[in-house]
Peer 1: 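Pasting a structure below so you can have a look.
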Number of protein chains: 2
Amino acid sequence: MIPYTKIEATPLNERISTLLKDAIIEGQFKAGEEISLTAIAERYGVSRTPVREAFQHLAKDGFLTLRMNKSAIVVAIDEHFFRNHYEIRSVLEAQAAYGAAASDADKSELVRIQELGEKTKLPMTLDDFRSYNMMFHRCIWRLCGNERLHQLLSDMWVSSYSSSALPEIHRQSRTLNSHRRLVNDIINHDCDAAFEHMKRHIIGSLNNILKILDEGKKEA
Amino acid sequence: MIPYTKIEATPLNERISTLLKDAIIEGQFKAGEEISLTAIAERYGVSRTPVREAFQHLAKDGFLTLRMNKSAIVVAIDEHFFRNHYEIRSVLEAQAAYGAAASDADKSELVRIQELGEKTKLPMTLDDFRSYNMMFHRCIWRLCGNERLHQLLSDMWVSSYSSSALPEIHRQSRTLNSHRRLVNDIINHDCDAAFEHMKRHIIGSLNNILKILDEGKKEA
DNA sequence: CTTTTGTTTTTTGTATACAATATACATTAA
DNA sequence: TTAATGTATATTGTATACAAAAAACAAAAG
């Protein structure tokens, strides 16, 4: 049998979702700006149907507000947004870490990912760091044994912002330390420690983002 | 000016969502059963478009699994489902309670709702209990100040199962006690207590459901 | 009989058409 | 002028039409 790689055509609604979500996070829309189905459909050269579906996904993920018979409103990606977003993410990630620590599944991949991060010379490139960070968290989501929790955290992940805010070297090493401690908690089945450490870790990310947001404000 | 009540036509996708969600929770579909867009559309006498939207909502809420170019699969509403569902709900509700306790908003409505529950003679009718219970939790969601958290918890609420499992009088009084304690925590700004108490409260609900599921299994 | 290949049927993904609601503008009355 | 009403226009909600993929089935080759 000849090996093959599955050619998967991602459905249009997903592709539009991703594009729009990134655009919103990157601030390509003004806060509170109204966007219409038809406008977006024309912009991306597709029909309104998949765009409408994408709108509903984005609304469920908290990036748009839908109004009956009216155009959608783009949520403001500001301090308030990040506070709410990370408040939720902190407890969900914490619970995932708890579940991973409680699980008897094979945890060698988590160790492997961490080793990969440890042996990379600092400062990593932005792409490398993003990739490592994402792999680390995703591995914990898998290990937690709660597929729904995995799905929720996946939907909450905002690739563009989450780590573009981590340029400095000591921040990267702080993350590595934090992750190292989590690996220990999870391997030693210390659920409560994993929960607390992960919660603090995520709140740390929030504080970092808030700091950067604040600096951005002072410049302007 | 003559007072009026807004006539709001709920969009079809929402109505279909609710109907299907209830049907799934009530076990009207077999676990793992395949359901097709066209079948459901015909069954409810609507076109495929709103049904398709409803499917995507239900998939995001964890009640269906969608496969590209194939029919959807109904998730099994079993012990595994409830464990995962309540694991998530417990931390989210706990965080909401935390936020409500931290908030400086007016909390008189929560007190009012609790008084309403306290003064009703036990055992309440199922409808009364459901209504009180829902009002109580919803009020905390509002008070927590995190609209996104509010939305997530709303989507997770499964009206049919959550309280149909509460027929006995001492269970109702246990819930009332639990709620009374939460009201105190929240009014006294005791965030950590509110978090822990709410977490335990929700896990209590889970255990109750698991017990009932177990009894049902023995009968069969 | 089993496996493979080709054809038909069904079902989904996307585009378009139509109906209902909301917005913008113009017209009229005060 | 200002407020109110009517009409035109645009946008959304829903239904239908068409294209592509999957499933079911039949026929042919081994």
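Computed over heavy atoms, backbone and side chain alike; hydrogens, waters and symmetry mates excluded.
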Peer 1: Measure from CG on Leu12(A) to P on dA19(D) and round the result to the nearest Å.
Peer 2: 17 Å
Peer 1: Applying salt bridge (Lys or Arg N to Asp or Glu O under 4.0 Å) to Glu115(B) and Lys119(B), what does each step give before you reach the verdict?
Peer 2: CA-CA 6 Å; Glu115(B) 279 169 358; Lys119(B) 81 169 175 226; over 6 Å; no
Peer 1: Mind checking whether His201(B) and His137(B) have ring centres under 6.0 Å apart?
Peer 2: yes
Peer 1: Using a distance-only test with no angle check, is there a side-chain donor-acceptor pair under 3.5 angstrom linking His150(A) and Asn146(A)?
Peer 2: no
Peer 1: Expected output is a numbered-order residue list: members of residues 34-42 of chain B with a heavy atom under 4.0 Å from any atom of DNA chain D. What is it?
Peer 2: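 When residues 34-42 of chain B is checked for heavy atoms under 4.0 Å from DNA chain D, there are no hits whatsoever.
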Peer 1: With Lys199(B) as the cation and Phe195(A) as the aromatic partner, state whether NZ or CZ is under 6.0 Å from the six-membered ring centre and within 45° of the axis.
Peer 2: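 Yes, Lys199(B) sits over the ring of Phe195(A).
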Peer 1: Tell me, which of residues 44-62 of chain B have any heavy atom that sits under 4.0 Å from an atom in DNA chain D?
Peer 2: Val46(B), Ser47(B), Arg48(B), Thr49(B), Pro50(B)
Peer 1: Is there a side-chain contact between Lys70(A) and the phosphate of dT11(D), meaning an N or O under 4.0 Å from OP1 or OP2?
Peer 2: no
Peer 1: Measure the distance from CG on Asn13(B) to P on dA15(D) and round it to the nearest whole Å.
Peer 2: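 Between P of dA15(D) and CG of Asn13(B): 11 Å.
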Peer 1: Mark yes or no for whether Lys107(A), through its side chain, and Ile186(A), through its backbone, hold a donor-acceptor pair below 3.5 Å.
Peer 2: yes
Peer 1: Which is more 5' along DNA chain C, the nucleotide nearest Pro11(A) or the one nearest Met68(A)? Just name the residue.
Peer 2: Pro11(A)
Peer 1: Regarding Tyr132(A) and Gln114(A), do their side chains bring together a donor and an acceptor under 3.5 Å, going by distance alone?
Peer 2: yes
Peer 1: What is the distance, rounded to the nearest whole Å, between atom CG of Leu66(A) and atom P of dT11(D)?
Peer 2: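 Interatomic distance, CG of Leu66(A) to P of dT11(D): 16 Å.
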Peer 1: Any donor-acceptor pair under 3.5 Å linking the side-chain atoms of Trp141(A) with those of Gln151(A)?
Peer 2: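 Side-chain D/A pair, Gln151(A) to Trp141(A): absent.
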Peer 1: Between His57(B) and Phe63(B), does the ring centre distance come in under 6.0 Å?
Peer 2: no
